[in-house]
Amino acid sequence: MPLPRKPHAWPATWLTAFLVALVVFALGFGGGVAHALEPVKISREDTALDLTATTEIYSGRGDAFQVSTAPGTDGIVRRIEVRSSTESHQGDWAVFALANVSEEQLERVIVAPHFRLVNSKLFWPDLGSQRILSITPSEGFALDRQPSEEADVFRITLNPGAVITFVAELTTPELPQIYLWQPDAYKDTVNAFTLYRGIVLGIAGLLAVFLTILFVVKGTSMLPATAALAWAVLAYICVDFGFLSKLITVTADDERIWRAGTEVFLAAGLVVFLFTYLNLNRWHQHLGYATLAWILGLGLLFGVAVYDPAIASGIARLSFALTATVGILLIAYLGFNRYDRAILLVPAWLLILVWLFGAWLAVTGQLANDIVQPALGGGLVLIVLLIGFTVMQHAFAGGAYQQGLFSDLERQALALTGSGDTVWDWDVARDRVVTIPDISHQLGLSLGTMNGPVRNWLPRLHPDDRDRFRATLDVLLEHRRGRLNHEFRVRAEDGHYHWLSIRARPVLGANGEIIRCVGTIIDITEQRNSVERLLHNALLDNLTGLPNRQVFLDRLQAILLMGDGSSPIRPTVLAIDIDRYKQVNDMLGIAAGDNILIALTRRLRRLLRPQDTLARLGGDQFGLILMSERDPAKIADFADAISKAIMVPLNYGNREINLTASIGLVAWLDQEQSAAGLLDDAELAMFRAKKAGGNRVEPFRPAFRTSGSDRLQLETDLKRAMERKELSLVYQPIVRLSDAEIAGFEALMRWEHPKRGNISPTEFIPIAENSELISHLGLFAFDKATSDLAEWQTQTGDLPIFVSINLSSAQLLNNELYDDMRAILSKSRCDPSQIKMELTESLVMENPEQARLVLEKLREAGLRLALDDFGTGHSSLSYLTRFPFDTIKIDKALVRDPSDKRAVILRSVITMARELDMRVVAEGIESEEDAIQLAQMGCDYGQSFLFGPPVGSESILRLLKERFPLMKRA
């Protein structure tokens with residue numbers, strides 16, 4: 001290392017001094033010479049002086065640095081030149097001067113700390129390094145460096161009256177602080193800080209180990225998060241207090257990396273603790289994603305710290321501050337929502353905010369005391385200590401709850417919280433009502449609107465409930481006992497009324513008077529509406545609002561009971577059925593049919609008088625009790641008026657719809673006849689009018705009952721047919737349109753009557769549905785079809801075919817349908833996936849919710865489901881997504897539609913089905929050209945007489961053996 005040059009001595013004459021001054025003045029404007037400076041005066045009593053403000057920093061001055069000294073005791077300013085001791089020197093120098101004004105020699109040490117939190121800055125902070133390479137005095141030799149790992153320490157000796165200028169060779173342009181210490185005072189200060197740091201480090205280490213052990217014992221997620229924060233604090237203060245260099249060898253550059261890494265660790269630990277302790281993923285899933293992204297970002301900072309510690313440290317400090325800010329907002333929000341964890345964390349988080357404010361003052365230089373940095377380190381340990389107590393309090397309190405160690409009062413509070421009821425508290429003495437949580441929010445009112453005097457509730461009560469509410473409270477206060485169990489209506493902000501139910505009991509004071517009334521209040525609007533809907537549905541028709549069949553019969557029976565031989569009461573009953581309503585309904589859809597019924601209801605109501613009764617008996621059938629007319633001629637005119645009212649055209653969807661009605665009419669003449677018998681006679685007359693072509697009024701005649709007896713006889717024969725095995729199944733082929741290969745069969749029921757011959761299903765199936773025989777017929781068809789399929793497979797081997805079986809709406813209402821089908825499948829050992837149940841759209845929509853539940857259970861059993869007669873109603877589209885259908889059968893009316901739009905509609909239906917991953921079966925294909933066209937559109941199967949008529953089981957077996965010869969078993 002080259003030695004610095006000794007300063008030159010100049011003659012002490014006025015002329016020489018003048019010349020030197022001129023030279024110094026001239027050189028002062030050059031790049032390598034600095035001005036003279038004022039010396040810092042030192043006396044014997046000065047133990048520590050801050051030289052930072054009086055030290056001048058010169059950056060980029062090169063390897064050779066010239067400076068003018070401070071004037072000596074003789075007033076002469078000299079010039080010295082100092083050269084750098086290393087080749088890597090950047091040309092940064094510091095100059096200061098000292099003057100010993102005492103009469104004795106002074107020993108001092110110059111101290112320049114490597115790192116100071118004070119004024120280290122928030123962005124790109126100064127993380128410390130070696131500050132001074134060497135110090136050259138204007139007199140004597142370079143100063144001796146004293147051993148120290150935390151600062152650059154140089155020892156100097158000042159003679160009495162000496163004025164010496166010192167030139168320090170710097171490693172960086174920054175010199176955060178430089179002190180002049182009395183050696184013993186500096187040693188005592190270092191020892192004091194060392195003792196303090198040791199105590200803080202010991203507490204931090206014990207706390208981290210203790211929390212880690214607690215995590216092993218308890219296993220609560222809060223404890224590892226708290227332990228991680230404690231280890232982060234311990235790592236930070238180990239670096240900040242210089243303890244890390246005691247454990248491992250650390251260079252100045254390595255220390256900057258370690259310092260940045262621990263600050264990142266500390267920031268990440270705070271984020272993890274806040275997320276885990278408050279259980280933020282419980283409140284919103286996105287909070288978990290945001291926290292994970294935050295932690296991953298901080299994890300990347302560990303890599304950044306290796307290359308640029310200043311950037312990593314600055315981002316970590318910002319993250320710590322942001323976490324503290326977000327944390328206090330979350331704690332405030334959750335605290336107002338009575339979240340216990342957030343409330344318990346308030347003291348610790350307030351301490352974090354205070355610490356953060358102090359750290360901000362320190363790094364910005366507004367708080368520059370030497371004890372700030374170790375105090376902040378101790379503050380971190382205090383924060384973790386308080387957090388540890390908070391976490392342990394909550395964790396072990398939670399354990400007590402889990403073990404059942406809590407009082408009856410706490411148990412009742414937990415039960416009330418779990419029920420979700422609102423507490424209703426009426427302070428009678430102060431006449432103040434409080435609800436917790438505030439029920440005003442449920443009513444759409446401003447918070448606190450329903451709190452206050454109980455009289456404030458009266459204006460919002462329903463007018464019919466006010467007097468009863470007031471009387472109930474008065475009775476309770478008067479008798480001073482009992483319970484408050486009251487239901488009433490309260491008007492919400494939107495004008496609708498909410499049903500509320502109060503259940504409370506009084507609390508008596510020492511004088512026996514009621515001082516408080518406490519209980520619960522709940523919103524029972526949904527329950528009351530459900531009850532009202534059930535009552536409404538039990539009495540009135542859902543669609544038209546007319547009385548239903550049962551109410552109609554009750555009213556008719558009441559009228560008959562009031563009439564006797566002398567009474568003028570002579571009711572006339574009319575049964576009205578809309579002709580061709582099913583065709584209109586199938587063509588336009590259920591929604592259109594409903595609108596038509598509503599329009600007809602309005603027309604019929606206009607013809608009635610107050611004493612008359614109109615009811616909807618079911619479907620498109622209406623019943624009417626005519627009391628306003630008794631003259632036969634006028635009754636006939638009234639029936640004719642009804643027929644004409646129905647015949648008035650209706651406009652729907654830019655289409656004109658013309659309807660007619662078949663009307664049966666019967667007058668009450670027999671005193672012994674009941675309401676049900678009278679209605680049956682009217683319906684018999686209506687059926688006779690319909691058989692006669694419709695659009696007519698048919699008065700009842702006793703001869704009509706003969707046809708009714710035929711119907712009863714047919715019902716009796718049907719019961720015997722099942723016992724005599726007169727019923728059978730035939731199967732119509734369903735082929736794949738792509739290759740004309742048989743894909744399956746539809747099972748169709750046939751009845752061979754011993755006297756009447758073959759009876760059409762359209763005749764005996766409605767009788768079976770009305771007589772509750774349909775369930776037996778349906779199970780017979782299912783049993784027979786599965787048995788035949790199993791027999792076919794036994795004779796031919798496993799075949800890639802399916803069998804479609806029709807399902808009636810009455811069967812869907814049978815709760816035992818699922819179990820019965822499971823039993824039949826188990827007996828026949830038939831693969832459920834080869835059985836396809838077919839339902840028509842109208843059957844499904846009669847009771848959609850019941851149908852959905854039953855169909856889902858059938859689908860779970862492995863059966864496949866098909867929607868039959870698709871395309872005849874618009875509502876089918878919405879029901880496809882609600883029910884588990886896998887196949888739709890396009891009705892033959894749509895397949896044979898002669899209009900130009902047929903191809904467009906068929907292509908749309910088939911495309912929609914393909915998008916829904918459904919199979920498509922087209923019924924009623926009349927020609928091979930139609931079959932080819934449907935196959936090109938993407939239709940899967942076809943079914944019609946073109947591919948084969950319905951045949952018996954034996955014929956199907958022969959057909960399968962011919963079509964699938966390779967499937968035969970050996």
Side-chain angles (χ1 to χ4, degrees), residues 1-43 46 49-86 89 91-110 112 132-145 152 154-170 175 178-180:
M1 178 184 298
L3 294 176
R5 297 179 180 178
K6 288 189 176 181
H8 299 279
W10 294 83
T13 63
W14 287 106
L15 181 58
T16 303
F18 178 73
L19 293 175
V20 170
L22 288 177
V23 173
V24 171
F25 178 77
L27 294 177
F29 292 96
V33 181
H35 297 285
L37 66 164
E38 290 294 329
V40 177
K41 298 178 180 180
I42 306 172
S43 63
D46 295 328
L49 292 176
D50 188 355
L51 304 180
T52 308
T54 59
T55 301
E56 297 182 359
I57 306 298
Y58 300 91
S59 300
R61 294 304 179 96
D63 296 337
F65 178 66
Q66 295 182 0
V67 65
S68 298
T69 64
T73 55
D74 53 3
I76 297 175
V77 176
R78 295 173 174 83
R79 182 170 59 89
I80 60 175
E81 180 178 303
V82 180
R83 293 188 178 275
S84 62
S85 58
T86 61
H89 183 245
D92 301 320
W93 306 86
V95 180
F96 60 92
L98 302 177
N100 184 359
V101 297
S102 65
E103 297 179 355
E104 58 184 50
Q105 190 179 58
L106 298 178
E107 296 288 338
R108 293 292 186 268
V109 289
I110 298 173
I132 301 176
L133 290 174
S134 63
I135 298 178
T136 303
S138 58
E139 296 180 3
F141 298 96
L143 302 184
D144 295 331
R145 178 185 292 272
D152 298 320
F154 297 89
R155 192 177 186 91
I156 63 172
T157 301
L158 297 176
N159 294 322
V163 178
I164 301 176
T165 299
F166 296 89
V167 179
E169 183 181 352
L170 303 180
L175 185 62
I178 182 169
Y179 261 92
L180 185 68

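Side chains are part of it too, since the values below use all heavy atoms of this structure and drop only hydrogens, waters and symmetry mates.
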Does the side-chain hydrogen bond (donor to acceptor under 3.5 Å, both in side chains) test come out yes or no for Ser134 and Glu169, once each step is laid out? CA-CA 5 Å; Ser134 63; Glu169 183 181 352; 3.2 Å; yes
Given the rule in the side chain to side chain contact (heavy atoms under 4.5 Å, CB included) test, do Ile42 and Val101 qualify, once you have shown the distances and angles that lead to the verdict? CA-CA 6 Å; Ile42 306 172; Val101 297; 5.9 Å; no
Verify salt bridge (Lys or Arg N to Asp or Glu O under 4.0 Å) between Glu81 and Arg83, making sure each step is shown before the conclusion. CA-CA 7 Å; Glu81 180 178 303; Arg83 293 188 178 275; 3.3 Å; yes
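For the atom pair Leu175 CG and Ile57 CD1, the distance stands at 5.0 Å (nearest 0.5 Å). Separating the CD1 atom in Ile110 from the CG atom in Leu51 is a distance of 7.0 Å, to the nearest 0.5 Å. Phe166 contributes atom CZ, which lies 10.0 Å from atom OG1 of Thr136 (distance to the nearest 0.5 angstrom). Separation of atoms CD1 (Ile178) and OG1 (Thr54) is listed at 8.5 Å; rounding is to 0.5 Å. Between the CZ atom of Arg108 and the CG atom of Leu98 there is a distance of 10.0 Å, given to the nearest 0.5 Å.
Nearest heavy atoms, Ala97 versus Glu38: CB-O, 4.3 Å. Closest non-hydrogen pair, Val163 versus Pro71, comes out as CG1-O, 3.5 Å.
The backbone N or O of Ala64 lies less than 3.5 Å from no partner atom in the side chain of Trp93, so there is not a single donor-acceptor pair. At distances below 3.5 Å, at least one donor-acceptor pair connects side-chain atoms of Asp92 with backbone N or O atoms of Gly60. When atom types are taken as modelled, the side chain of Thr165 and the backbone of Ala70 share a donor-acceptor pair closer than 3.5 angstrom.
The side chain to side chain contact (heavy atoms under 4.5 Å, CB included) search around Glu103 returns none, not counting sequence neighbours. In terms of the side-chain hydrogen bond (donor to acceptor under 3.5 Å, both in side chains) criterion, residue partners of Asp46 (sequence neighbours excluded) are, by chain and number, Ser43. Remark: Asp63 pairs with no residue by the side-chain hydrogen bond (donor to acceptor under 3.5 Å, both in side chains) rule, at least two apart or across chains. Partners of Thr52 by side-chain hydrogen bond (donor to acceptor under 3.5 Å, both in side chains), not counting sequence neighbours, listed by chain and number: Asp50.
Residues Ser138 and Arg78 are not in side-chain contact: their nearest non-hydrogen atoms beyond the backbone lie 4.5 Å or more apart. With a 4.5 Å cut-off on side-chain heavy atoms, Asp152 and Arg145 count as touching. No side-chain heavy atom of Leu180 sits under 4.5 Å from any side-chain heavy atom of Val40. Contact of the Ile135 side chain with the Val167 side chain is not registered, since no non-hydrogen atoms from C-beta on lie closer than 4.5 Å.
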Expected list for residues 154-162: side-chain donor-acceptor pairs under 3.5 angstrom, two or more places apart:
from	atom 1	to	atom 2	distance (Å)
Thr157	OG1	Glu107	OE1	3.0
Thr157	OG1	Glu107	OE2	3.0
Asn159	OD1	Gln105	NE2	2.9

